[in-house]
Amino acid sequence: MHDIRSLRADPQAFDAAMARRGLGGQSQVILALDAERREAIQRVEAALKARNERAKAIGMAKAKGDTAEVERLMASPVDDIAAATSEQLARSEAALNDTLSALPNILDAEVPEGADETANRVLHQHGEPASLPFKPREHFELGEALGLMDFESAARLSGSRFVVLKGALARLERALGQWMLDQHTGQNGYTEVSPPLLVNAATLYGTGQLPKFEEDLFRTDDKFLIPTAEVPLTNLVAQQIIAEPIAPLRFTALTPSFRSEAGSAGRDTRGMLRQHQFYKVELVSITRPEDSDGEHERMTGCAEAILTALGLTWRRLFLCAGDTGFGAARTYDLEVWLPGQQAWREISSCSNTRDFQARRMNARFKRGKDSVFVHSLNGSGVAVGRALIAVLETHQREDGTIAIPAVLQPYMGGLTQLG
RNA sequence: GGAGAGGUGGCGGAGUGGUCGAACGCGUCGGUCUCGAAAACCGAAGUACUCGCAAGGGUACCGUGGGUUCGAAUCCCACCCUCUCCGCCA
């Protein structure tokens, strides 16, 4: 959500910021709505003032027992402009709100220009894509050959974009999630949270999924399945005035994420790269404004450490303007190298939303006598399903067995390989 | 799911139609007193929007949204949430 005051103060800057997102001039329309709204407020409040004065006078006359005065006042004309104007006020207020809440966050000045992912900038890389002495297989070939990955059953149970994992592979998924969670709570100072997986519309509005991206969500009668634990974790501070977060509030959770994948029909249909449901360990930080940039680097580092410890090859991307998500001011993506697919694939996305979400959810802290909007950040630390894929493809051997990374072996009952 | 009770300011808790943004207590902040502190006493203090250069006005907010009324924290309706009991249930 944008601050109408700063927009008023510098409309050109606002338009320039939206232009980086490929959006045409917005400020004219918004300022017109704002002027309309404020003008309506004036009229409504004037009418209300007149009404209040009259009512108060009647009350005083009655208290004095001055029935003549009461009757005179009751007979005096009432200002009925209020009804029409208040409707107009409600309309322009709603229009202004709808417009503002559908506009994406203002990008950080350092975000690379560019319309799509081809303009993303690689910041650094860990390891080199390995040239294996045999033809590496894709994760679903490996999983199915082991008899531990079953797409047919999943399709029968649920439809496309689901998978059934079995035996040691199911355990490996669990091990990944447990181990990552333990890293973040044990080494990185995050507090583990077990949040609701169904949330209401206000909560999704707070983090920015609503109103614009409803089609990406699964919903029940009156609730939505979370598309990421970012939603409940960040909203923990919604509507709150918390103590000043001198040290950032850090939350982590291992949850399923549910995504309708509307609009991605036909993409990544083989295997478990793009599913309607997947586990993810999420990281969320709530900070003071002056701390959020540093926290963003730290958070991304926490995710990178996970990938390194798993023996994966990865790189950090600085997403360009056109590829940065709706709520983010700046985003780093982490990509892992998938030998079977011979491609870099996203496994984590870490964003600083600054006060964009905080404004939507009215999350503040007290500084002196002022209430200041917090900054909120979120990042995957990391996607469990995709980490599973990366582990399979990276640590596969020619005979189809898979070496289990040392850090996971304690979580696998000492098992050192699959197959 | 059924029956009942209830949701008021940071907290507790009054207030059932009129000058109520709301008594009182606690807590908070400032002051007096004190070497200092405590106690006591005095005083201050909500949030948002809006008009204004400012000083300072105005409006709204007593779970949420409607309604009745000249006027609503107070009356009516719907919904949400909490608690108690019953039923069901992992």
Side-chain angles (χ1 to χ4, degrees), chain A residues 1-11 30-101 194-206 210-211 219-225 231-232 235-245 255-256 355-374:
Chain A
M1 182 56 94
H2 296 284
D3 182 10
I4 186 68
R5 288 169 210 275
S6 57
L7 195 160
R8 253 185 238 149
D10 195 347
I30 294 168
L31 288 176
L33 286 169
D34 181 46
E36 192 178 299
R37 169 181 145 270
R38 287 194 286 164
E39 196 258 345
I41 286 174
Q42 293 302 304
R43 280 192 285 155
V44 168
E45 293 193 347
L48 285 171
K49 183 186 180 190
R51 190 200 68 177
N52 289 346
E53 283 169 351
R54 182 164 177 267
K56 195 164 270 191
I58 291 173
M60 287 197 278
K62 255 196 178 159
K64 273 187 285 182
D66 186 347
T67 52
E69 176 67 359
V70 170
E71 297 209 358
R72 189 188 69 76
L73 286 164
M74 295 285 277
S76 69
V78 200
D79 197 352
D80 64 349
I81 195 175
T85 1
S86 66
E87 262 177 52
Q88 199 222 310
L89 172 59
R91 271 199 310 276
S92 42
E93 212 149 50
L96 180 64
N97 206 44
D98 289 353
T99 307
L100 281 179
S101 64
S194 176
L197 307 181
L198 291 166
V199 296
N200 60 33
T203 299
L204 285 154
Y205 177 86
L210 291 180
R219 69 177 303 172
T220 65
D221 287 348
D222 65 336
K223 296 195 180 2
F224 297 83
L225 280 72
V231 174
N235 275 281
L236 285 173
V237 294
Q239 315 291 318
Q240 305 291 309
I241 298 177
I242 61 174
E244 180 162 358
T255 72
D355 64 359
F356 186 80
Q357 293 178 324
R359 285 179 184 283
R360 295 172 81 98
M361 61 178 72
N362 200 17
R364 294 168 295 172
F365 69 91
K366 209 77 178 165
R367 175 177 278 170
K369 55 198 273 284
D370 294 329
S371 294
V372 183
F373 286 112
V374 301

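Remember, it's a predicted structure, so these values are computed and weren't measured experimentally.
To the nearest whole angstrom, the two P atoms, one in B:rC61 and one in B:rG6, are 24 Å apart. Separation of the C1' atoms belonging to B:rG21 and B:rG10 is 16 Å when rounded to the nearest angstrom. Taking atom P on both nucleotides, B:rC29 is separated from B:rA37 by 13 Å, rounded to a whole Å. B:rG15 and B:rU32 are spaced 39 Å apart, taking the P atom of each and rounding to whole Å. Comparing the C1' positions of B:rA60 and B:rA73 gives an interatomic distance of 14 Å, to the nearest angstrom. Here the separation of B:rA72 from B:rG66, taken at their P atoms, is 14 Å to the nearest Å. Separating the P atom of B:rC76 from that of B:rA44 is a span of 38 Å, rounded to the nearest Å. Here, B:rG13 and B:rG25 have their C1' atoms 8 Å apart, quoted to the whole Å.
OP1 or OP2 of B:rU50 has at least one side-chain nitrogen or oxygen of A:R5 nearer than 4.0 Å. For B:rU69, neither phosphate oxygen OP1 nor OP2 lies less than 4.0 angstrom from any side-chain nitrogen or oxygen of A:R51. For A:N52 and B:rU59, the shortest distance from a side-chain N or O to OP1 or OP2 is below 4.0 Å.
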Please evaluate residues A:V231 and A:F224 with respect to the criterion side chain to side chain contact (heavy atoms under 4.5 Å, CB included), reporting the C-alpha separation (whole Å), side-chain torsions for both, the decisive distance (0.1 Å), and the verdict.
CA-CA 11 Å; A:V231 174; A:F224 297 83; over 6 Å; no
Run A:M1 and A:N97 through side chain to side chain contact (heavy atoms under 4.5 Å, CB included) and show every step you take.
CA-CA 9 Å; A:M1 182 56 94; A:N97 206 44; 3.3 Å; yes
Take A:R37 and A:L89 through the test side chain to side chain contact (heavy atoms under 4.5 Å, CB included) and record every step on the way to the result.
CA-CA 6 Å; A:R37 169 181 145 270; A:L89 172 59; 4.1 Å; yes
Side chain to side chain contact (heavy atoms under 4.5 Å, CB included) between A:D355 and A:D3: does it pass, once the steps are laid out?
CA-CA 10 Å; A:D355 64 359; A:D3 182 10; over 6 Å; no
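As the counterpart of B:rC61, B:rG46 is assigned, both hydrogen-bonding distances of the Watson-Crick or G-U wobble pattern falling under 3.5 Å. Look at B:rA3: its Watson-Crick or wobble partner, with both distances under 3.5 angstrom, is B:rU84. Base pairing of B:rA14 is not made with any nucleotide, judged by Watson-Crick or G-U wobble geometry with both donor-acceptor distances under 3.5 Å. Applying the Watson-Crick and G-U wobble criteria (two distances, each under 3.5 Å), B:rC41 pairs with B:rG31.
Of all heavy-atom pairs between A:F365 and A:F373, the closest is CE2-O, 4.0 Å. Of all heavy-atom pairs between A:H2 and A:R359, the closest is C-CD, 4.5 Å.
Straight-line distance from the NZ atom of A:K62 to the C1' atom of B:rU69: 10 Å, rounded to whole Å. Here B:rU59 presents its C1' atom at 19 Å from CZ of A:R54, a figure rounded to the nearest Å. Nucleotide B:rG46 holds its C1' atom 12 Å from the CZ atom of A:R364, rounded to whole Å. Straight-line distance from the NZ atom of A:K366 to the P atom of B:rU28: 17 Å, rounded to whole Å. One interatomic measurement links the two molecules: CG of A:N200 to P of B:rC80, which rounds to 12 Å at whole-angstrom precision. Atom CG in A:L89 sits roughly 19 Å away from atom P in B:rA48 (whole-Å rounding). For the pair A:I241 CD1 and B:rC11 C1', the interatomic distance rounds to 15 Å; values are reported in whole Å. Put simply, CD on A:Q42 is 10 Å from C1' on B:rG52, counting in whole angstrom units.
Using a 4.0 Å cut-off between charged side-chain N and carboxylate O, A:E45 and A:K49 make no salt bridge.
RNA chain B lies under 4.0 Å from at least one heavy atom of each of the following residues of residues 31-39 of chain A: A:R37, A:R38.
Counting non-hydrogen atoms under 4.0 angstrom, A:R8 reaches the backbone sugars and phosphates but no base.
When each of A:E45 and A:A63 is assigned the nucleotide of RNA chain B bearing its nearest heavy atom, the one mapping closer to the 5' terminus is A:A63. Sequence order on RNA chain B of the closest nucleotides to A:I58 and A:E93 puts A:E93 first from the 5' end.
When distances run from any side-chain atom of A:M60 to the nucleotides B:rG71, B:rU50, B:rU19, the shortest one goes to B:rU19. Of the candidate nucleotides B:rA60, B:rU19, B:rG18, B:rU19 has the atom nearest to the side chain of A:K56.
For B:rG58, its base never sits under 3.5 Å from the side chain of A:K49 at any donor and acceptor pair.
Checked against side-chain hydrogen bond (donor to acceptor under 3.5 Å, both in side chains), A:D10 has no partners two or more places apart in sequence or in another chain.
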Donor-acceptor list for residues 199-206 of chain A side chains, cut-off 3.5 Å, not counting sequence neighbours:
from, atom 1, to, atom 2, distance (Å)
A:N200, OD1, A:A202, N, 3.3
A:N200, OD1, A:T203, N, 3.0
A:N200, OD1, A:T203, OG1, 2.8

